[in-house]
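What follows is a single structure, written as structure tokens, with notes after it.
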Amino acid sequence: MADLREQHVCIKFCFKLGKTAAETHQMLKQAFGENSLGQTQTYNWYKRFKSGQTLTDDDDRSGRPSTGTTPENVAEVRDLIPQDHRLTIRDLCNTLGLSYGTCQRILSEELNMRRIAAKFVPRLLQNEQKQHRLEVCRELQQQLQEDPNFLSKVVTGDEIVSHPPYSPDLAPCDFFLFPKMKIKWKGRRFDTAEEIQGETQTVLNTLTKKYFKDAFEKWQKCWDRCMRSQGDYFEGDGAE
């Protein structure tokens, strides 16, 4: 990777010019190409300069990466997750300079989080959250029983469906659409929002009616599984 300090200086320069974090990230990509810092790292450094930091050197983390689940490390992980729930443990390691095991322990033991549909979510749902998930699934089932065209109306936008928070296992976009996008976009970089929009439309155009039909059939099975689990999560692989 290109000189990291040089990129840190560029981020500081963009901040001084009044550029946003998103604009700064785009400029880094144009200048350094594949060697540019990732979005999370760029945003993290932008945040440092915004909070008053003036140094452009990395924090002194001599020797092996930190392996302590200190309050400071826990706080850093807690602050990063809400910015992008799709961060991987490896992303956290690279951004914070912590070991893989430390990040894993912080997520699972300190923050009680796990992965559902590729997102970090609370490991344990509160009773109110479980009840809300149950109510949504029951309502969806009832609407489908009363109106066989209910799903068609959802697709066309004639029906608006409520979505419970912390529930990527119940969101068709999370278990159906986004994974399809990730396969098509793997290893690619985009320089503008227009490029992303164009490629998104290209992927959407390849989806057949049968593909959507299968997705909505799976969605109905998700309602059943949620109700059988009494509103709790019904899939996930821990915080790995």
Side-chain angles (χ1 to χ4, degrees), residues 39 81-88 91 107-108 111-188 190 192-240:
Q39 177 176 304
I81 292 298
Q83 298 177 31
D84 183 358
H85 285 277
R86 293 184 179 277
L87 285 172
T88 65
D91 290 334
L107 288 166
S108 61
L111 301 180
N112 290 317
M113 305 191 83
R114 62 171 173 170
R115 275 195 179 281
I116 297 290
K119 284 187 175 180
F120 283 116
V121 296
R123 179 176 293 275
L124 298 176
L125 289 168
Q126 298 176 3
N127 290 333
E128 294 80 3
Q129 293 169 329
K130 293 179 184 180
Q131 185 61 34
H132 188 192
R133 284 162 55 88
L134 277 173
E135 290 173 356
V136 169
C137 290
R138 288 168 179 163
E139 181 182 346
L140 289 171
Q141 241 185 15
Q142 182 178 352
Q143 288 179 290
L144 183 60
Q145 291 171 355
E146 295 175 352
D147 182 3
N149 296 319
F150 170 66
L151 292 180
S152 298
K153 294 177 181 178
V154 172
V155 175
T156 59
D158 295 325
E159 286 282 356
I160 304 299
V161 177
S162 61
H163 180 68
Y166 302 115
S167 301
D169 52 343
L170 293 175
C173 284
D174 282 300
F175 64 73
F176 153 68
L177 184 58
F178 294 155
K180 183 77 172 178
M181 296 289 186
K182 288 171 65 177
I183 293 174
K184 296 290 185 180
W185 292 356
K186 186 175 182 180
R188 301 182 59 185
F190 301 99
T192 65
E194 288 72 19
E195 285 185 58
I196 298 176
Q197 293 169 354
E199 289 299 319
T200 298
Q201 190 60 55
T202 299
V203 174
L204 291 175
N205 291 339
T206 66
L207 303 181
T208 63
K209 290 182 179 179
K210 183 180 184 304
Y211 200 83
F212 281 101
K213 180 176 180 292
D214 292 343
F216 282 104
E217 287 178 352
K218 182 177 180 180
W219 191 29
Q220 295 176 58
K221 293 178 181 177
C222 289
W223 308 343
D224 295 333
R225 295 177 67 185
C226 180
M227 288 187 286
R228 286 200 301 269
S229 65
Q230 296 300 304
D232 206 349
Y233 292 128
F234 50 83
E235 65 174 308
D237 56 358
E240 302 181 31

*List for me each residue that meets side-chain contact (heavy atoms from CB on, under 4.5 Å) alongside Lys210, sequence neighbours excluded, and say none if there are none.*
Thr208, Asp214
*Got a sec, which residues hit side-chain contact (heavy atoms from CB on, under 4.5 Å) with Ala215, two or more places apart in sequence or on another chain?*
Phe176
*Considering non-hydrogen atoms only, spot the tightest contact between Leu170 and Pro164 and give its length.*
CD1-CG, 4.0 Å
Side-chain atoms of residues 136-145: list all donor-acceptor pairs with protein atoms under 3.5 Å, sequence neighbours left out, distances to 0.1 Å.
unit_1 : atom_1 : unit_2 : atom_2 : d
Gln141 : NE2    : Asp224 : OD1    : 2.5
Gln142 : NE2    : Glu146 : OE2    : 3.0

*What pairs of residues pass the salt bridge (Lys or Arg N to Asp or Glu O under 4.0 Å) test when at least one of them lies in residues 195-205, not counting sequence neighbours?*
Arg188-Glu199
*asked:* Nearest 0.5 angstrom please: Gln201 CD to Thr206 OG1, how far?
replied: 10.0 Å
*Any chance you could measure Leu204, atom CG, to Phe212, atom CZ, to the nearest 0.5 Å?*
6.5 Å
*asked:* Within the 4.5 Å heavy-atom criterion, are Lys130 and Arg133 side-chain neighbours or not?
replied: no
*Partners of Trp219 by ring pair (Phe, Tyr, Trp, His ring centres under 6.0 Å), sequence neighbours excluded?*
Phe216, Trp223
*Residues two or more places apart in sequence or in another chain: which of them pass ring pair (Phe, Tyr, Trp, His ring centres under 6.0 Å) with Phe150?*
none
Checking [X] now: which residues fulfil side-chain hydrogen bond (donor to acceptor under 3.5 Å, both in side chains) with it, not counting sequence neighbours?
{"X": "Lys221", "result": "none"}
{"X": "Asn127", "result": "none"}
{"X": "Glu128", "result": "none"}
{"X": "Asp147", "result": "Lys153"}

